[in-house]
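Sequential numbering from 1 along the given sequence is applied to the chain's residues. Remember, it's 1-based here, ligands and their atoms both numbered in the order they're listed. Just the heavy atoms: all of them, side chains too, but no hydrogens, waters or symmetry mates, feed the values below.
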Amino acid sequence: ARTGTLAIRGRLLSFDADPAVEAEPHAVMFLEDGIVVVKDGVIVEIGEGPALARRLPPGVPLVDHRPHLVMAGFIDPHLHMPQTQVIASYGTELMAWLSKYTFPEELRYGDSGVAEEASRFLFDTLAANGTTTAAVYCTSHQISAEAFFHEADRRGLRMIAGKVMMDRGAPQGLLDTAESGYEQTKELAAAWHGRGRLEVAITPRFAPTSSEAQLEATGALAAEFPGLPIQTHLSENHGEIAFVADAFPWSKDYTDVYEHYGLVRPRALFGHCIHLSDRERTALASKGASAIFCPTSNLFLGSGLYDLAASRRLGLTTGIATDIGGGTSYSMLTTAAEGYKVLALKGQKWPAFEAFHMMTAGNAAAVGIADKVGRLAVGLEADLVVLDSRASEPMRRRMARVETLAEELFALMVLGDDRATVATYAMGRKIYDRYHAGHATLA
Ligand code: GUN
Ligand code: ZN
């Protein structure tokens with residue numbers, strides 16, 4: 001992904017700290033007219049537009065996106081590549097949804113052509129929504145992960161994914177074994193982890209679909225590869241929690257199962273975390289793991305309401321994700337808007353600065369890639385999204401009454417979706433352009 005030198009001008013917005021923790025002037029970096037200079041895919045300079053424009057060497061292309069916002073690309077820390085045709089399936093809660101819709105669909109991904117086509121669709125759609133990095137579940141088929149990594153690599157994207165490990169509680173064609181899950185994940189890591197911008201995640205689906213032998217093998221793998229991300233599901237649904245209590249009668253609680261096998265650590269991403277006790281939150285926090293809030297999924301499957309205040313009180317890092325296809329939108333804007341509503345039902349407030357921080361720098365920190373992406377900062381990779389706060393008639397009408405940046409961002413998040421994406425860049429290379437959408441892919 002070599003692009004030479006390029007300058008991008010716009011209304012620059014980035015977060016140097018969490019606005020929930022630090023005062024706004026320290027947390028929020030905003031330049032009404034700013035320029036980001038990108039060299040070989042990396043941000044090398046950021047400054048005031050007029051001054052920097054005068055200093056740019058002749059011949060450096062300058063893309064002027066004013067009056068649009070330029071931010072770090074969104075990071076989606078939990079979604080399922082094989083569920084793009086499960087999204088919006090009617091009428092079930094988690095365990096029935098898995099067996100009625102999800103497992104039958106995931107069986108199709110033993111065919112590499114199916115996984116290739118779905119990966120292409122997914123990357124096109126993420127780019128159209130301004131999402132430049134995701135942590136992704138493939139299926140239990142090794143080739144589903146290989147297809148995903150091939151396509152991500154071809155596009156030069158920073159992506160994290162894993163082959164799902166599950167050895168019980170699903171149709172035979174989706175089951176691996178303790179040994180094959182271990183071996184295949186190891187092979188995948190050898191082939192893809194650290195290649196280009198890719199990382200392999202250790203991906204046991206969740207405790208209900210792994211035997212104790214598989215969780216033990218997973219723990220051994222985690223110990224052998226201490227730097228690898230881990231992703232799984234935790235405490236999403238009451239039926240699921242009861243199943244785990246029954247299947248692991250020795251456990252204190254659901255989190256204890258993962259702790260027991262050494263799966264709670266930095267870069268371990270626990271999807272949902274809705275019904276946790278304070279003991280569990282404290283255990284996750286003290287071991288440096290992250291909780292991933294998936295509001296559209298939690299509402300759609302009737303799973304429950306995430307408690308952000310409780311996580312914060314106990315020091316548990318939270319990221320926010322779409323959870324396609326339990327989730328119902330690819331847009332991180334829409335996801336954040338639903339997150340706001342979930343928190344409203346909990347009597348909690350979530351200002352726009354905190355939401356935009358979480359979608360970018362916060363998610364990067366939750367995933368353990370804050371030294372690579374998530375902010376507009378010198379030395380970070382130039383994965384960017386350009387957003388139009390006036391992308392639709394209802395948005396334009398609302399913006400006429402907006403007076404502050406915080407109000408603008410809040411309305412953008414509540415009313416916006418993929419229509420607000422003007423352009424998306426990966427390592428300074430344009431991977432989506434609103435004016436060319438629907439034509440040949442730019443990837
Ligand atoms: N728990 C285990 N697998 C899944 C899945 O595919 N989606 C959701 N939402 N929860 C899960
Ligand atoms: Zn999930």
Assign the ring pair His80 / His233 to parallel, tilted or perpendicular, where the plane angle (0 to 90°) is split at 30° and 60°. parallel
Is there a donor-acceptor pair closer than 3.5 Å between any side-chain N or O of Gln348 and the backbone N or O of Ala309? yes
Starting from atom 1 (N) of ligand 1, locate the nearest protein heavy atom and write down its residue, its atom name and how far away it is, to 0.1 Å. His233 CG, 3.4 Å
Atoms of ligand 1, numbered as shown, that sit under 4.0 Å from any heavy atom of Asp323: 8 (C), 9 (N)
Side-chain (Thr296) to main-chain (Gly327) donor-acceptor, under 3.5 angstrom: no
among protein heavy atoms, the one nearest atom 6 (O) of ligand 1 is Arg205 NH2, 2.7 Å
Main-chain N/O of Ser303 paired with His275 side-chain donor or acceptor, under 3.5 Å: yes
When you look at Glu106 and Gln83, which way does the side chain to side chain donor-acceptor pair (under 3.5 Å) test go after all the steps? CA-CA 7 Å; Glu106 291 194 6; Gln83 295 179 12; 3.1 Å; yes
Record the part of Thr209 in heavy-atom contact with ligand 1 below 4.0 Å; permitted values are side chain, backbone, both and neither. neither
Taking heavy atoms and a distance under 4.0 Å, where does Tyr101 meet ligand 1: side chain, backbone, both or neither? neither
Tell me which protein heavy atom sits closest to atom 10 (N) of ligand 1, plus the residue, atom name and distance to 0.1 Å. Glu236 OE1, 2.7 Å
Salt-bridge criterion met for Lys163 and Asp176 (N-O under 4.0 Å): yes
Is any N or O atom of Thr102, backbone or side chain, closer than 3.5 Å to an N or O atom of ligand 1? no
Can you tell me which residue and heavy atom of the protein come closest to atom 7 (N) of ligand 1, and the distance to 0.1 Å? Trp97 CZ3, 3.4 Å
Rounded to 10°, the NE2/His80 to the Zn ion (ligand 2) to NE2/His78 angle comes out at 110°
Check the pair Ile274 / Asp307 against side-chain contact (heavy atoms from CB on, under 4.5 Å), numbers first and verdict last. CA-CA 7 Å; Ile274 297 168; Asp307 191 338; over 6 Å; no
Taking the Zn ion (ligand 2) as the apex, NE2 on His233 and OD1 on Asp323 give an angle, to 10°, of 160°
Run the numbers on Lys252 and Glu280 for side-chain contact (heavy atoms from CB on, under 4.5 Å), then give the verdict. CA-CA 10 Å; Lys252 285 199 281 262; Glu280 293 177 282; over 6 Å; no
Say whether Glu240 and ligand 1 are in contact under the criterion: heavy-atom distance to a ligand atom below 4.0 Å. no
Just jot down the ligand 1 atoms closer than 4.0 angstrom to any heavy atom of His80, in number order. 5 (C), 6 (O), 7 (N)
